[in-house]
There are 2 protein chains.
Amino acid sequence: MSQDGAAIHLETSLGYLLKEASTALRLAMEEVLRPLGMTVTHYSCLELLAQRPGLSNSELARGAFVTRQSMNVLLQALERDGYVSRPSQAPVGKALPARLTPRGRRSLEKASRAVRSVEVRMLAGMTDAEQSDALRSLKSMVRSLRGGV
Amino acid sequence: MSQDGAAIHLETSLGYLLKEASTALRLAMEEVLRPLGMTVTHYSCLELLAQRPGLSNSELARGAFVTRQSMNVLLQALERDGYVSRPSQAPVGKALPARLTPRGRRSLEKASRAVRSVEVRMLAGMTDAEQSDALRSLKSMVRSLRGGV
DNA sequence: TGACTCATGTCAGCATTCTGACATAGGCTC
DNA sequence: GAGCCTATGTCAGAATGCTGACATGAGTCA
């Protein structure tokens, strides 16, 4: 079915391509993270904490592009399993700064290698200039889309 | 918290930017589709059927980047509500070619306008050349990511 | 013809994320 | 200080998508 090579503007829609690319990336990441028993959000949370120790739940949620409710569920599980630690009392306000435990750091190392291999593969056919252009284009799109209608 | 402007390589990771951009696009689409009682996948399905009448459930799933199981749930709802029609018997094999009903077409028109406005906004700050470059970059990434490890 | 492989439609159960809601902490203005 | 707004953490329920599984239809090959 649908072997008609009809020229459809979906193929030239940047929005559609963006979704296609991010889906391909997500699937590739899930594929390498699954053997480690880790989801993409799970990995994102650990990676964020490694790079910015002390992030709060809400900040992690924004960094991983999920709601703070979703991140809270994940954080509680990570804390229960000993990958992350949070103080019982907030040093200021209500925000609880989270940090990786040694176990969390070890877990992240393997995941980082796996994810890095995916990113390397993704960039395989692109020159440095093309990567810079793509980076700039994506940033422009994000800027334009933010800030409501 | 985290006012440290630490230079982190997340900001220069094409994978991270890709996720950020696609999230921003998805949120913007959800925002304009919600008043119409439509989800992004819902809209994608109708748009695909408008451009390629007769697509099967599995083909729609691939086009909308979800599993055929998920698309099946959606298609059954769309069929029940009179937006889409499928024959009770498969003309060949098991694939049931789906088509928009007049009601489905009317529903799609409003959604298309809304989504188009989002895409226009997204491309606002980019020249045609930049858009072409971005398109090519995204296609390259998809190519590289497909085909397993 | 029969065995094998592949794609499809579909059902069931599970995982993940979301929306809605509430209480609390801090900053701001009057 | 009182009132207001915003941000945060958290709980509960709903929506959405996924994996696993099964049966069916078509093509391939011995």
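Excluded from the calculations below are hydrogen atoms, water molecules and symmetry mates; all remaining heavy atoms, backbone and side chain alike, are included. Per chain, numbering begins at 1; letters A, B, ... match sequence-line order.
The nearest whole Å value for the distance from the CG atom in Leu75(A) to the P atom in dT16(C) is 15 Å. Rounded to an integer number of Å, the gap from CG of Leu60(B) to P of dG17(D) is 14 Å. For Tyr43(B) and dT16(D), the OH to P distance is 18 Å, given to the nearest whole Å. Protein atom CD of Glu79(A) is 12 Å distant from nucleotide atom P of dG9(D), rounded to whole Å. Here the P atom of nucleotide dC22(D) and the CD atom of Gln69(B) are 14 Å apart, to the nearest Å. When the C1' atom of dG25(D) is taken as reference, atom CG of Leu96(B) falls 12 Å away, rounded to whole Å. With rounding to whole Å, His42(A) atom NE2 is found 10 Å from dT16(C) atom P. One interatomic measurement links the two molecules: NZ of Lys94(A) to C1' of dG9(D), which rounds to 5 Å at whole-angstrom precision.
Counting any heavy atom pair closer than 4.0 Å across all strands shown, Ser70(B) reaches a base atom. Contacts of Thr67(B) with the nucleic acid, taken as non-hydrogen atoms under 4.0 Å apart, include base atoms.
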CA sep, side-chain torsions, deciding dist, call: Arg146(A), Glu20(B), salt bridge (charged side-chain N to carboxylate O under 4.0 Å, His left out): CA-CA 11 Å; Arg146(A) 294 274 172 80; Glu20(B) 184 171 12; 3.0 Å; yes
Stepwise salt bridge (charged side-chain N to carboxylate O under 4.0 Å, His left out) test for Glu109(A) and Arg105(A): CA-CA 6 Å; Glu109(A) 277 180 26; Arg105(A) 242 179 298 277; over 6 Å; no
CA sep, side-chain torsions, deciding dist, call: Thr39(B), Glu30(B), side-chain contact (heavy atoms from CB on, under 4.5 Å): CA-CA 6 Å; Thr39(B) 67; Glu30(B) 285 173 352; over 6 Å; no
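Within the structure, a side-chain polar atom (N or O) of Arg86(B) is placed less than 4.0 Å from OP1 or OP2 of dT10(C). Contact annotation: Asn72(B) does not reach the phosphate of dG9(C) (side-chain N/O to OP1 or OP2, under 4.0 Å). Phosphate proximity of dT16(C) to Thr41(A): absent, as no side-chain N or O sits under 4.0 Å from OP1 or OP2. Between Gln76(B) and dC11(C) there is a side-chain N or O to OP1 or OP2 distance below 4.0 Å.
Cys45(A) contributes atom SG, which lies 4.5 Å from atom CG of Leu75(A) (distance to the nearest 0.5 angstrom).
The aromatic rings of Phe65(B) and Tyr16(A) lie tilted to each other, with the angle between the two planes from 30° to 60°.
For Arg62(B) and Thr39(A), each mapped to the nucleotide of DNA chain C holding its nearest heavy atom, the one lying further toward the 5' end belongs to Arg62(B). Comparing Arg68(A) and Leu27(A) along DNA chain D, the residue whose closest nucleotide (by nearest heavy atom) sits nearer the 5' end is Arg68(A). When each of Glu30(A) and Asn57(A) is assigned the nucleotide of DNA chain D bearing its nearest heavy atom, the one mapping closer to the 5' terminus is Asn57(A).
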